[in-house]
Protein chains: 2
Amino acid sequence: MGRQPSSKPTSFDIAYLAGVSQPTVSRALRGSRSVSLATRQRIEAIARELNYSVDKNASSLRSQRSNTIALLFFEDPTPDESNINPFFLSMLGSITRQCAARGLDLLISFQKMEDDWHVRYQDSHRADGLILLGYGDYTLYKSRLEQLVGHGTHFVRWGSVDEGNIGATVGSDNVGAGRLAGDHLLELGRRRIAFLGHADEHYPEFADRYQGLCAAMLAQGIAPEPALQVDALTAEDAGHAAAQALIARGVAFDAIFAASDLIAIGAMRALAEAGLNVPHDVAIVGFDDIPAASLTSPPLTTIMQDMKGAGELLVDAVLAQVEERPLPRTTLPARLVVRRSSAG
Amino acid sequence: MGRQPSSKPTSFDIAYLAGVSQPTVSRALRGSRSVSLATRQRIEAIARELNYSVDKNASSLRSQRSNTIALLFFEDPTPDESNINPFFLSMLGSITRQCAARGLDLLISFQKMEDDWHVRYQDSHRADGLILLGYGDYTLYKSRLEQLVGHGTHFVRWGSVDEGNIGATVGSDNVGAGRLAGDHLLELGRRRIAFLGHADEHYPEFADRYQGLCAAMLAQGIAPEPALQVDALTAEDAGHAAAQALIARGVAFDAIFAASDLIAIGAMRALAEAGLNVPHDVAIVGFDDIPAASLTSPPLTTIMQDMKGAGELLVDAVLAQVEERPLPRTTLPARLVVRRSSAG
DNA sequence: GGACAGAAGGCATACGTATACGCATAATAT
DNA sequence: ATATTATGCGTATACGTATGCCTTCTGTCC
């Protein structure tokens, strides 16, 4: 098996050995029907023998298709060095698998929303399309998204699905999920349910979750109280602070629906400090089902999003644009996972 | 700013507008010193104006350098869909940042060790080099690594640093870290310290940690007992099972050093089930300092590896090979993080 | 038996950039 | 004033593949 460390073999080398022309090699390896079975098998055998692989740069240059997708993470306002939001990591796992299944390469990078990340991916042919991931102020997003659309760049964003969105968006059914959480808490007999998380147009996903909660309450004839909503971004600290603020307001509450698990975990810490027992005094429901959610004490009831479906849908939505197909459904159902933080 | 959605601008377009030749544009944008300052600035201005970016495929094809690094994760034997080992995620964060700082693209993918992943990256010019990450049976690794070396592929592996390794390796000082853990537990007066984790040549990192622990004990005149070592791979379940096995053996122990935090967390669950109190009956030290480590009750004492340094070193080691520099230091110190699981 | 269609593959070329080389002009040396 | 060198840039070309178009051959049908 002495493979001489000569220069890498090219399709010309294969062609010579197979007694055909270079284009035939290219066609054979791409499975073109205009190459006879016999020829193709001969070529494939030789290619394998030489350990040949198609030069990705040449191939992409010629075909103007990189078969690569870029995944951009936008960090939370608190970019704590190598601390990544666990939810997005789970998403990453799902996306990589989906890309692998389709033979796509996946490029990943972390960005600050306010940087000029869009330029790098605009015409460089690095990737055929982008997947944008990350909570973040949507109003900041907008101008960047408009530029992408203007340039004809293919992209999908994970977020709140809404008609008015710029570009393609895929996301969980946040309203429905909020309703699930609300119904669950109401069934437990809780009536004064607080919401920890932003609820304005800057964070539409959170706003949707809140809206779902309100819908559930209204269905029981309970009017949502503004005093029971506290702003919070998705971070443990923010959850802690929000719960403290809630307590400080002096309004009664017997349940919390947190816009994310990290917020919920921070809130549980604040409740414990205040001598409040979970779930006895306050039942709590989070969102995301991050790994840590089952490790807290008590373990956290939460909403589990369909990660596998999300990866599939995101990748599919990008490819749909590349291939000029219409893109399919864009909303995914979520599921309630009941644990002890909301036990009877 | 009506940018016509015409075809993407090329270096020829820039050249035409600047009244120079295409090669001059290329040189100017790459900062070659053989272009006058005035010309370069003119070119840069036009390029920015047109929102031009270098075509990555063409550039890579011509220069035979992709300025891309591929990060390959090898999954644990239990590939639980989108559940990724948190430690590697933290590493990912560090590596992406390092790549961004150097203007490198990062390609990532998950692999099963036993697949033919090496072929895809061998001659395809997808990436200039590989970073290999993942616990896994080293004996399985070997044949793949040898093939990579044979092909002249640039790569670095994260793992146990040892003279006999195939190819470049970067890793924490696992022996030293094991010693840290051991010294800490000994200082607390614990004398019967168990180790949960494999300790053979299949998992050299774990073996190193165990060896460090043994060294600490021997320094105090305590002979390590084989009965106090239980095999475990890095997973919560494995830790749970290992601790159960340890208890079932009926040997006395007053401390546990777990080869990873996941193992430690599983072990704590088993201890709780057995009615053993942490840290009163059993002090416990983990390894990795994953986010969940501070959320357990009691919070877990653990060893924190230098993630930032790891990212830097890994990327640097790959580039060193690409640029034919000798590669620098390959071992990183680790730090003990004391929490309540090993309180007095 | 000639026209025609389909199969299989060759020929030429384009994708967009980077670099070896060469050639002026200007600056400096002798 | 001439020989020498550096500066700044143009000319030509190569990187390795994919694809439009054309050719050849075989088989088929009236």
Side-chain angles (χ1 to χ4, degrees), chain A residues 6-44 46-47 50-68 103 105 120 122-128, chain B residues 6-44 46-47 50-68 103 105 120 122-128:
Chain A
S6 67
S7 54
K8 331 285 182 185
T10 73
S11 53
F12 282 97
D13 298 330
I14 313 280
Y16 176 77
L17 291 173
V20 297
S21 70
Q22 177 271 328
T24 298
V25 172
S26 172
R27 282 189 277 250
L29 295 179
R30 317 203 82 238
S32 159
R33 299 207 313 104
S34 71
V35 174
S36 74
L37 181 63
T39 305
R40 179 172 66 220
Q41 290 182 334
R42 188 155 33 98
I43 289 174
E44 282 170 346
I46 295 174
L50 289 197
N51 242 304
Y52 167 80
S53 46
V54 175
D55 183 296
K56 207 214 170 183
N57 300 126
S59 171
S60 300
L61 174 60
R62 174 62 233 243
S63 66
Q64 302 290 62
R65 274 269 247 135
S66 61
N67 285 312
T68 301
D105 281 333
R120 183 180 176 93
Q122 221 128 245
D123 296 329
S124 68
H125 284 287
R126 272 181 166 64
D128 297 331
Chain B
S6 67
S7 54
K8 330 286 181 184
T10 72
S11 54
F12 282 96
D13 299 329
I14 313 279
Y16 177 77
L17 291 173
V20 297
S21 69
Q22 177 270 327
T24 298
V25 172
S26 171
R27 283 188 280 246
L29 295 178
R30 314 202 87 237
S32 159
R33 299 205 314 105
S34 70
V35 174
S36 74
L37 182 64
T39 306
R40 179 171 65 219
Q41 290 181 337
R42 188 155 33 98
I43 290 174
E44 282 170 347
I46 296 174
L50 289 197
N51 242 305
Y52 167 80
S53 45
V54 175
D55 185 296
K56 206 212 170 183
N57 300 126
S59 171
S60 300
L61 174 59
R62 175 58 232 244
S63 67
Q64 301 289 62
R65 274 270 247 137
S66 61
N67 284 311
T68 301
D105 280 332
R120 183 178 176 94
Q122 221 127 248
D123 296 328
S124 68
H125 285 285
R126 272 180 166 67
D128 297 331

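We name chains A, B, ... by the order of the sequence lines, and we start the count at 1 in each one. This structure is a prediction, so every number in the text was calculated from the model and none was measured.
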* Answer yes or no: side-chain N or O of Arg27(B) and base N or O of dG10(D) forming a donor-acceptor pair under 3.5 Å. => yes
* Structure fact -> The residue among Thr39(B), Val20(B), Asp13(B), Val35(B) that forms side chain to side chain contact (heavy atoms under 4.5 Å, CB included) with Val25(B) is Val20(B)
In whole angstroms, how far is the [atom2] atom of [N] from the [atom1] atom of [X]?
X: Lys8(A); N: dC15(D); atom1: NZ; atom2: P; value: 15 Å
X: Arg126(B); N: dT17(D); atom1: CZ; atom2: P; value: 13 Å
X: Asp123(A); N: dT17(C); atom1: CG; atom2: C1'; value: 15 Å
X: Arg65(A); N: dC15(C); atom1: CZ; atom2: C1'; value: 16 Å
X: Arg33(A); N: dT19(D); atom1: CZ; atom2: P; value: 16 Å
X: Gln22(B); N: dG8(D); atom1: CD; atom2: P; value: 20 Å
X: Phe12(A); N: dT17(D); atom1: CZ; atom2: P; value: 8 Å
X: Leu29(A); N: dG9(C); atom1: CG; atom2: P; value: 13 Å

* To do: Between Thr39(A) and Leu61(A), just flag the one whose closest nucleotide in DNA chain C comes earlier from the 5' side.
  => Thr39(A)
* Using only heavy-atom distances, determine whether the side chains of Ser66(A) and Lys56(B) contain a donor-acceptor pair under 3.5 Å. => no
* For Pro23(B) and for Gln64(B), find the nucleotide of DNA chain D with the closest heavy atom, then tell me which residue's nucleotide is more 5'. => Pro23(B)
* To do: Give, for atom CZ of Arg62(A) and atom CG of Asp55(A), the distance between the pair rounded to the nearest 0.5 Å.
  => 14.5 Å
* **Interatomic spacing from CG in Asn57(B) to CG in Leu61(A) - rounded to 0.5 Å** => 6.0 Å
Hey, does the side chain of [X] come within less than 4.0 Å of [N]'s phosphate (OP1/OP2), counting only N and O?
X: Ser36(A); N: dG9(C); answer: yes
X: Arg62(B); N: dT19(C); answer: no
X: Thr24(B); N: dC9(D); answer: no
X: Arg30(B); N: dA18(C); answer: yes

* Asked: Is there a side-chain contact between Arg65(B) and Asp128(B) (heavy atoms, below 4.5 Å)?
  -> yes
* **Minimum side-chain heavy-atom gap His125(A)-Ser60(A) below 4.5 Å** => no
Contact summary for [X] and [Y], nearest pair of heavy atoms:
X: Ser34(B); Y: Arg27(B); value: OG-CD, 3.8 Å
X: Glu44(B); Y: Ala28(B); value: OE2-O, 4.5 Å
X: Ser59(B); Y: Val54(B); value: CB-CG1, 3.8 Å
X: Leu29(A); Y: Tyr52(A); value: CD1-CE2, 3.5 Å

* Asked: What does the inter-axis angle of the helix from dG1(C)-dC30(D) to dT30(C)-dA1(D) come out as, five pairs per end, nearest 10 degrees?
  -> 40°
* Please check if the side chain of Arg42(B) supplies one atom and the backbone of Ala18(B) the other of a donor-acceptor pair under 3.5 Å. => yes
* To do: Output the residues of residues 52-60 of chain A in contact with DNA chain C, where contact means a heavy atom of the residue under 4.0 Å from an atom of the strand; sort by number or write none.
  => none
Identify the pairs formed between an N or O of the protein and an N or O of nucleotides 23-27 of chain C at a distance under 3.5 Å, and give each distance.
none

* Asked: Between Leu50(B) and Leu17(B), is a side-chain contact (heavy atoms from CB on, under 4.5 Å) present by the stated rule, with each step listed?
  -> CA-CA 10 Å; Leu50(B) 289 197; Leu17(B) 291 173; 3.8 Å; yes
* To do: Under 4.0 Å between any heavy atoms, over every strand shown, what does Val25(B) touch: base, sugar-phosphate, or nothing? Just pick one.
  => nothing
* Touch check for Ser26(B), heavy atoms < 4.0 angstrom, all strands: base, sugar-phosphate only, or nothing? -> base
